[in-house]
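Following: one structure in structure tokens, then a few remarks.
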Amino acid sequence: MSEVSDADRQADLQAGLQAVWRRITVACERAERESSQISLIVVTKTFPASDVRLLTGLGVREVGENKVQEAQAKADEGAFDGIRLHLIGQVQTNKAAAAARLADVVHSLDRPKLARALAAGRERAGTAPLPVLVQISLDGDPARGGVPREALADLVDCILQQPALRLAGVMGVPPRGAEPYAAFTDLARLAAQVREQAPEASMLSAGMSSDLEAAVRAGATHLRVGSAILGSRPSLR
Ligand SMILES: *Cc1c(COP(=O)(O)O)cnc(C)c1O
């Protein structure tokens with residue numbers, strides 16, 4: 001395979017970004033929403049630090065990664081300077097301290113033990129409280145991450161008791177085979193329930209490359225989009 005020049009790659013990334021923003025704009029018009037209400041998080045997992053730098057050059061300021069170790073390696077290369085790093089993948093408890101140092105936002109908080117570990121790590125780091133989102137499992141399948149809805153209120157309570165964490169909203173992924181709009185409206189209802197306990201938890205992180213229109217229609221505030229911008233991922237992880 002021939003080496004792709006930075007200029008070629010940047011042109012591809014720019015085209016991808018423009019195409020996704022066009023989709024967002026159309027979806028917003030249909031839903032009678034303002035596209036200024038939508039934040040696009042560009043998911044760079046499995047792609048190199050050089051891509052993150054090219055995206056920064058195109059004005060991207062919000063990037064998502066799903067693995068602490070991979071994000072740390074790119075951070076060590078300076079990839080996230082001037083960027084808000086969103087951790088969107090499952091976090092093992094033994095990686096929580098590193099996650100709490102590295103991330104600007106964690107979307108995948110799904111159990112009290114992880115809440116306590118992130119809080120402890122953030123306290124040790126001595127930085128501002130860590131914004132976190134509760135990842136809700138919409139089908140109750142623990143393998144894919146997310147708190148079952150029955151345990152949601154208790155997890156929210158636990159987070160609210162941690163001064164080193166700031167509950168910023170909720171995140172969800174449609175169950176395999178589910179109709180995305182139905183899944184996202186379910187998630188939006190659960191988000192409203194969370195706001196009764198924590199009124200400032202206003203972020204609704206929902207929607208990826210394949211289903212961002214349904215997410216916009218259901219009220220998403222933050223979209224997490226990877227392959228529609230960066231291309232298909234080099235390896236399955
Ligand atoms: C990879 C990933 C995304 C982005 O998925 P695409 O289909 O590439 O847009 C979004 N959210 C989470 C949790 C992911 O792991």
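Since the model is a prediction, treat every value here as computed from it, not as a measurement. One-based numbering, in listed order, for ligands and for the atoms of each.
For atom 14 (C) of ligand 1, the closest heavy atom belonging to the protein is Lys45 NZ, 3.0 Å. Of the protein's heavy atoms, Ser209 OG, 2.5 Å lies nearest to atom 9 (O) of ligand 1. At the shortest separation from atom 12 (C) of ligand 1 among protein heavy atoms lies Ile88 CD1, 3.5 Å. In this structure, atom 4 (C) of ligand 1 lies nearest to the protein heavy atom Arg224 O, 3.6 Å. Looking from atom 7 (O) of ligand 1 to the surrounding protein, the closest heavy atom is Ser227 OG, 3.6 Å.
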Derivation of the side chain to side chain contact (heavy atoms under 4.5 Å, CB included) call for Leu55 and Leu230:
CA-CA 10 Å; Leu55 287 162; Leu230 289 120; 4.2 Å; yes
Verdict with reasoning, Val63 to Thr56, per side chain to side chain contact (heavy atoms under 4.5 Å, CB included):
CA-CA 9 Å; Val63 157; Thr56 308; over 6 Å; no
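Counting the atoms of ligand 1 from 1 in the order shown, those under 4.0 Å from a heavy atom of Gly226 are 4 (C), 6 (P), 8 (O), 9 (O). Close approach of ligand 1 to Val225 is summarised as follows: ligand atoms under 4.0 Å from at least one heavy atom of the residue are 9 (O).
Below 3.5 Å of separation, one finds no N or O of Ser210 facing any N or O of ligand 1. Of the N or O atoms in Asn66, none lie within a sub-3.5 Å distance of an N or O in ligand 1.
The closest side-chain donor-acceptor pair between Gln161 and Asp157, if any, does not fall under 3.5 angstrom.
Taking the six-membered ring where the residue is Trp, His107 and His86 present perpendicular rings, their angle passing 60° and hence far from 30°.
For atom 3 (C) of ligand 1, the nearest non-hydrogen atom from the set His86, Met208, His107 belongs to Met208.
Nearest heavy-atom pair across Leu204 and Gly219 is CD2-O, 3.5 Å.
Counting non-hydrogen atoms of other residues, nucleotides and ligands closer than 6.0 Å to CZ of Arg217 gives a total of 12 or fewer.
Between Arg149 and Asp186 there is a salt bridge, since a side-chain N of the basic residue sits under 4.0 Å from a carboxylate O of the acidic one.
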